[in-house]
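Here's the structure, in structure tokens; my notes come after.
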Amino acid sequence: MSEISNSLSGSMSDYLQQYDTQLWALYRQTLFEISPEFYIPSSGAVITACNPEGHILSQGANQQRMAELKQQLRERDLTYQSLVGMSPDQQHQEPSLLIECNRDQALKLCQQYRQNAYFWLSKGQLWLVPALHPGPKVAMGSLRQRLVTSQLE
């Protein structure tokens, strides 16, 4: 019996690792839709409260989570701007915030909202940083190369 459970837990572990690898690859392709008024600070974090741990929630649930995050940022006096993280084909989109904060604050917010990762901005360069599971941060190049301008509110 233990051979079967070892085999099953190994298969589940392999599945989760493959899922995380695929999700991480998608994160690395992210583009950001911004409004014309958007400005790029010297540093900050792009964070969403949507779809915790990569599990898709309803639009209403995601809107509620984003409202809670914005309220928390206002209470902490942290400056933020709205943007949308999206896949290159724009089929998957998540409301996000570029928050002027330090890395510790970014990590704590991601962990609180159960986000797998966040994007760290430093001197115009973007990094993909794991938040819930250990792993290396990944250099993603210039933020400007990933920006798409729109008429966001």
Look only at the side chain of [X] and the backbone of [Y], and say whether a donor-acceptor pair between them is shorter than 3.5 Å.
X      : Y     : answer
Ser87  : His92 : yes
Gln115 : Cys50 : yes
Glu100 : Leu78 : no
Ser122 : Ser43 : no
Asn62  : Asn51 : yes

Is the closest side-chain heavy-atom distance between [X] and [Y] below 4.5 Å?
X     : Y     : result
Leu57 : Pro52 : yes
Gln81 : Ser35 : no
Val84 : Glu94 : no
Tyr80 : Ile47 : no

Out of curiosity, [X] [atom1] to [Y] [atom2], how far, rounded to the nearest 0.5 Å?
X      : Y      : atom1 : atom2 : answer
Tyr118 : Ser96  : OH    : OG    : 14.5 Å
Lys108 : Asn102 : NZ    : CG    : 8.0 Å
Thr79  : Ile99  : OG1   : CD1   : 10.5 Å
Trp120 : Leu126 : CH2   : CG    : 11.0 Å
Phe32  : Phe38  : CZ    : CZ    : 9.0 Å
Leu83  : Ile34  : CG    : CD1   : 8.0 Å

**Fill in**
From the list Gln64, Arg65, Gln72, side-chain hydrogen bond (donor to acceptor under 3.5 Å, both in side chains) partner of Glu68 resolves to Gln64
**Message:** Can you give me the closest heavy-atom contact between His133 and Pro130, atom names plus distance?
**Reply:** O-CB, 3.3 Å
**Request:** Could you tell me which non-hydrogen atom of Ala117 sits nearest to which non-hydrogen atom of Cys110, and how far apart they are?
**Result:**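 Of all heavy-atom pairs spanning Ala117 and Cys110, the closest is O-SG, 4.0 Å.
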Taking a hydrophobic cluster as the set of Ile, Leu, Val, Met, Phe, Trp and Tyr residues connected by side-chain heavy atoms closer than 4.5 Å, whether directly or through intermediates, do [X] and [Y] fall within one such cluster?
X      : Y      : result
Leu128 : Leu98  : yes
Val46  : Ile40  : yes
Phe119 : Leu132 : no
Leu97  : Trp127 : yes

**Message:** If only side-chain N and O atoms count, and only distance matters, is there a donor-acceptor pair under 3.5 Å linking Gln71 with Glu75?
**Reply:**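 Present: a donor and an acceptor within the cut-off.
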Side-chain atoms of residues 137-147: list all donor-acceptor pairs with protein atoms under 3.5 Å, sequence neighbours left out, distances to 0.1 Å.
unit_1	atom_1	unit_2	atom_2	d
Ser142	OG	Arg144	N	3.2
Arg146	NE	Met140	O	3.3
Arg146	NH1	Arg28	O	3.3
Arg146	NH1	Thr30	O	2.8
Arg146	NH2	Arg28	O	3.2

**Message:** Tyr113: which residues meet the ring-ring contact (aromatic ring centres under 6.0 Å, His included) condition with it, sequence neighbours left out?
**Reply:** none
**Prompt:** After noting the C-alpha distance and the side-chain angles of Glu33 and Gln93, does the key distance pass the side chain to side chain contact (heavy atoms under 4.5 Å, CB included) rule?
**Reply:** CA-CA 9 Å; Glu33 186 176 38; Gln93 299 185 14; 4.3 Å; yes
**Asked** Are Met86 and Val148 close enough, and set up right, to give a side chain to side chain contact (heavy atoms under 4.5 Å, CB included), and what steps lead you there?
**Response** CA-CA 10 Å; Met86 62 184 181; Val148 177; 3.7 Å; yes
